[in-house]
Enquirer: 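Structure below; questions to follow.
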Amino acid sequence: MTFEDLDLIDPLLDALDEEGYDTPTAIQEKIIPALLKGRDCLGCAQTGTGKTAAFALPILQHLAAGPDRPGRRPIRALVLSPTRELAAQIGERLGAYGRFLHLRHLVIFGGVGQGPQVTALRRGVDTLVATPGRLLDLLGQGHVDLRDVEFFVLDEADRMLDMGFIHDIRKVLQVLPAKRQNLLFSATFPPAIVELSTGFLHDPLRVDVAPKLVAVERIDQKVMFVAHSNKKLLLAQLLSDPAVYQAIVFTRTKHGANRLVKQLEQNDIGAEAIHGNKSQGARERALRAFRSGDLHVLVATDLASRGLDVEAVTHVFNYDLPNEPESYVHRIGRTGRAGRDGMAVSFCDETEGAYLREIEWSTGQAIPVDDSHNWHYPAAIPPPLKPGTRPPQGNRRGPPQQGRSGGGSSRGPNSSGGSGGQRQRRGDGGRRRRN
Ligand code: AMP
């Protein structure tokens with residue numbers, strides 16, 4: 001299938017051409033036609049599947065088809081996102097896909113002054129991308145009017161729940177007009193999300209894209225057993241390999257991230273930490289330096305990394321193993337993007353064996369062991385799982401994600417459809433390419 005088959009308008013096809021996208025991803029193939037027909041959708045998918053374009057393209061097409069309204073432009077599409085970084089990325093994608101359309105997008109989030117956001121709102125925007133806290137603030141102050149919203153997207157609903165935003169979301173839902181189109185994305189569906197979604201989605205099309213298949217396809221994974229006290233030495237040695245061009249190192253805590261940055265600096269390895277205690281300015285500066293290649297090592301906690309889209313990440317290091325398998329999939333999904341190969345190395349110390357087995361059980365894959373380093377620590381190796389049994393601590397988020405529907409899910413967002421990088425010619429549907 002090509003993007004032309006999805007009945008997208010020329011300005012969007014041209015923008016996709018410029019982005020270098022040949023083929024829609026599995027989630028795009030399913031969700032774009034349904035949204036264009038006006039249907040509500042429920043997507044079980046996470047970052048790396050191409051989910052942003054799956055909703056951004058139909059929103060842009062819907063807005064472009066609307067009548068020109070005199071006076072100030074009302075907000076016609078609202079996207080709620082759990083984190084600032086993800087919100088900023090969605091805004092950036094809307095700008096990229098909508099570059100040939102005359103639509104306005106605005107991203108609002110907390111941690112920065114509200115002045116410029118209010119000024120932009122006064123001028124009028126078509127699409128508002130927001131984190132819940134700042135949206136409610138500005139709604140309360142009368143700077144945001146959501147009465148004309150026709151399209152509502154709730155992105156990463158499970159993460160919203162984890163971050164305690166559920167009440168904020170309900171408040172936002174109360175002020176949206178009843179007649180609108182809705183989309184909800186979530187990587188997992190705990191009961192609270194099921195309840196929330198049944199409350200506001202009408203006869204949704206449900207699309208599942210199993211995350212592990214997308215995330216791990218191009219990623220070479222390995223685990224290194226190492227004593228806790230030797231982790232920093234092992235990391236410093238691995239980072240000194242010139243093949244490690246851009247690395248994200250994950251720690252479990254903010255404090256651990258700060259400490260690690262200091263330790264790396266003592267080894268002459270420049271690194272910056274991004275986590276929730278860093279100011280927005282500091283996070284943006286670190287990200288900019290990382291994106292530009294001035295900074296090679298970013299130390300991050302899970303929350304800060306959510307949705308991070310940096311194309312050239314060559315390595316992900318799990319300095320601490322996450323205690324939730326979903327976080328593992330998210331983390332390693334930061335590498336192997338945009339058609340590049342990636343490497344994910346996880347450290348497992350004497351206290352983390354259960355997490356490792358939990359990850360393996362949930363993803364249905366054993367992670368290959370690399371013991372060819374100076375600090376290999378056999379005492380950290382957990383006993384193997386008996387076939388058919390669960391890891392001792394149990395899975396917090398339900399059964400493994402294998403065997404889900406959604407066909408085509410083994411294809412990553414960047415797989416080529418065999419068109420050799422050229423967009424296939426459209427049929428005689430009457431559309432012409434922009435020159
Ligand atoms: P997302 O899951 O929305 O975070 O997207 C993951 C990455 O895939 C982003 O870098 C997108 O720019 C990219 N992407 C999205 N759709 C496609 C596509 N059809 N072909 C190639 N890359 C894509």
Side-chain angles (χ1 to χ4, degrees), residues 1-6 8 12-33 35 41 43-60 79 81-83 85-99 129 153-159 183-187 207-219 246 248 287 291 305-313 326 329-342 406 408-424:
M1 192 180 270
T2 64
F3 282 107
E4 283 84 351
D5 299 329
L6 295 178
L8 291 170
L12 293 178
L13 292 172
D14 291 335
L16 292 171
D17 235 9
E18 292 203 357
E19 289 298 307
Y21 298 179
D22 300 325
T23 327
T25 65
I27 194 130
Q28 291 164 1
E29 272 186 15
K30 296 198 167 73
I31 283 196
I32 291 174
L35 288 181
C41 291
C44 184
Q46 51 186 245
T47 305
T49 53
K51 70 182 167 73
T52 314
F55 66 79
L57 294 167
I59 286 181
L60 292 165
V79 181
S81 143
T83 65
E85 281 79 7
L86 187 61
Q89 250 166 50
I90 295 169
E92 189 273 325
R93 290 288 87 202
L94 280 165
Y97 305 140
R99 58 165 73 96
V129 184
V153 177
L154 187 60
D155 200 10
E156 307 214 339
D158 52 350
R159 187 57 48 160
L183 168 67
L184 180 146
F185 273 125
S186 197
V207 177
D208 289 16
V209 176
K212 66 184 170 75
L213 297 172
V214 174
V216 301
E217 191 182 47
R218 308 185 66 98
I219 303 170
Q246 289 223 283
I248 302 185
L287 268 179
R291 284 211 170 92
S305 82
R306 190 82 184 184
L308 252 186
D309 189 11
V310 182
E311 287 192 353
V313 175
E326 287 84 5
V329 176
H330 273 292
R331 288 178 177 192
I332 71 167
R334 303 307 94 216
T335 185
R337 292 168 90 79
R340 297 165 206 254
D341 292 328
S409 56
S410 61
R411 215 173 52 189
N414 307 302
S415 57
S416 155
S419 56
Q422 281 295 102
R423 205 164 92 197
Q424 278 182 11

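Just follow the structure's listing: the first ligand is 1, and inside any ligand the first atom is 1.
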Enquirer: Within the structure, does Gly50 bring an N/O atom to less than 3.5 angstrom of an N/O atom in ligand 1?
Expert: yes
Enquirer: State whether Asp155 and Lys51 are salt-bridged, where the test is any N-O pair (Lys NZ or Arg NE/NH1/NH2 against Asp/Glu carboxylate O) under 4.0 Å.
Expert: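 Here Asp155 pairs with Lys51 in a salt bridge, since their nearest N and O are under 4.0 Å apart.
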Enquirer: Which one holds for Gln28 and ligand 1: side chain close, backbone close, both close, or neither close, with close meaning a heavy atom under 4.0 Å?
Expert: side chain
Enquirer: For Arg93, take its heavy atoms, then give the atoms of ligand 1 lying under 4.0 Å from any of them.
Expert: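 Under 4.0 Å from Arg93, ligand 1 has these atoms: 12 (O).
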Enquirer: A cation-pi test, strictly: NZ or CZ of Arg93 under 6.0 Å from the centre of the six-membered ring of Tyr97 and no more than 45 degrees from its axis. Yes or no?
Expert: yes
Enquirer: When you measure from the heavy atoms of Glu19 to every atom of ligand 1, does any distance fall below 4.0 Å?
Expert: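 It does not, in that no heavy atom of Glu19 comes within the 4.0 Å cut-off of ligand 1.
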Enquirer: Rounded to the nearest 0.5 Å, what separation is found between the CG atom of Leu13 and the CG atom of Leu6?
Expert: 8.5 Å
Enquirer: Under 4.0 Å from a heavy atom of Lys51: which atoms of ligand 1 are those, numbered in the order shown and with their elements?
Expert: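 Ligand 1 atoms under the 4.0 Å threshold to Lys51: 1 (P), 2 (O), 3 (O).
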Enquirer: As an exercise, identify every atom of ligand 1 less than 4.0 angstrom from a heavy atom of Phe3.
Expert: 19 (N)
Enquirer: Please name the pair of heavy atoms, one in Leu183 and one in Leu35, separated by the smallest distance, quoted to 0.1 Å.
Expert: CD2-CD1, 4.0 Å
Enquirer: To which of Asp22, Thr25, Thr23, Thr52 does the heavy atom nearest atom 3 (O) of ligand 1 belong?
Expert: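 Among Asp22, Thr25, Thr23, Thr52, the closest heavy atom to atom 3 (O) of ligand 1 belongs to Thr52.
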Enquirer: Output yes when a side-chain donor or acceptor of Gln28 lies under 3.5 Å from a complementary backbone atom of Gly50, and no otherwise.
Expert: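 A pair under 3.5 Å: yes.
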Enquirer: Sub-3.5 Å donor-acceptor pair from the side chain of Ser186 to the main-chain atoms of Cys44, do we have one?
Expert: no
Enquirer: Select one of side chain, backbone, both or neither to describe which atoms of Phe55 lie under 4.0 Å from any atom of ligand 1, heavy atoms only.
Expert: neither
Enquirer: When you compare ligand 1 with Tyr21, is there at least one nitrogen or oxygen pair between them that comes in under 3.5 angstrom?
Expert: yes
Enquirer: Report the distance from atom CD of Glu156 to atom CD1 of Ile90, rounding to the nearest 0.5 Å.
Expert: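 Taking CD in Glu156 and CD1 in Ile90, the distance rounds to 7.5 Å.
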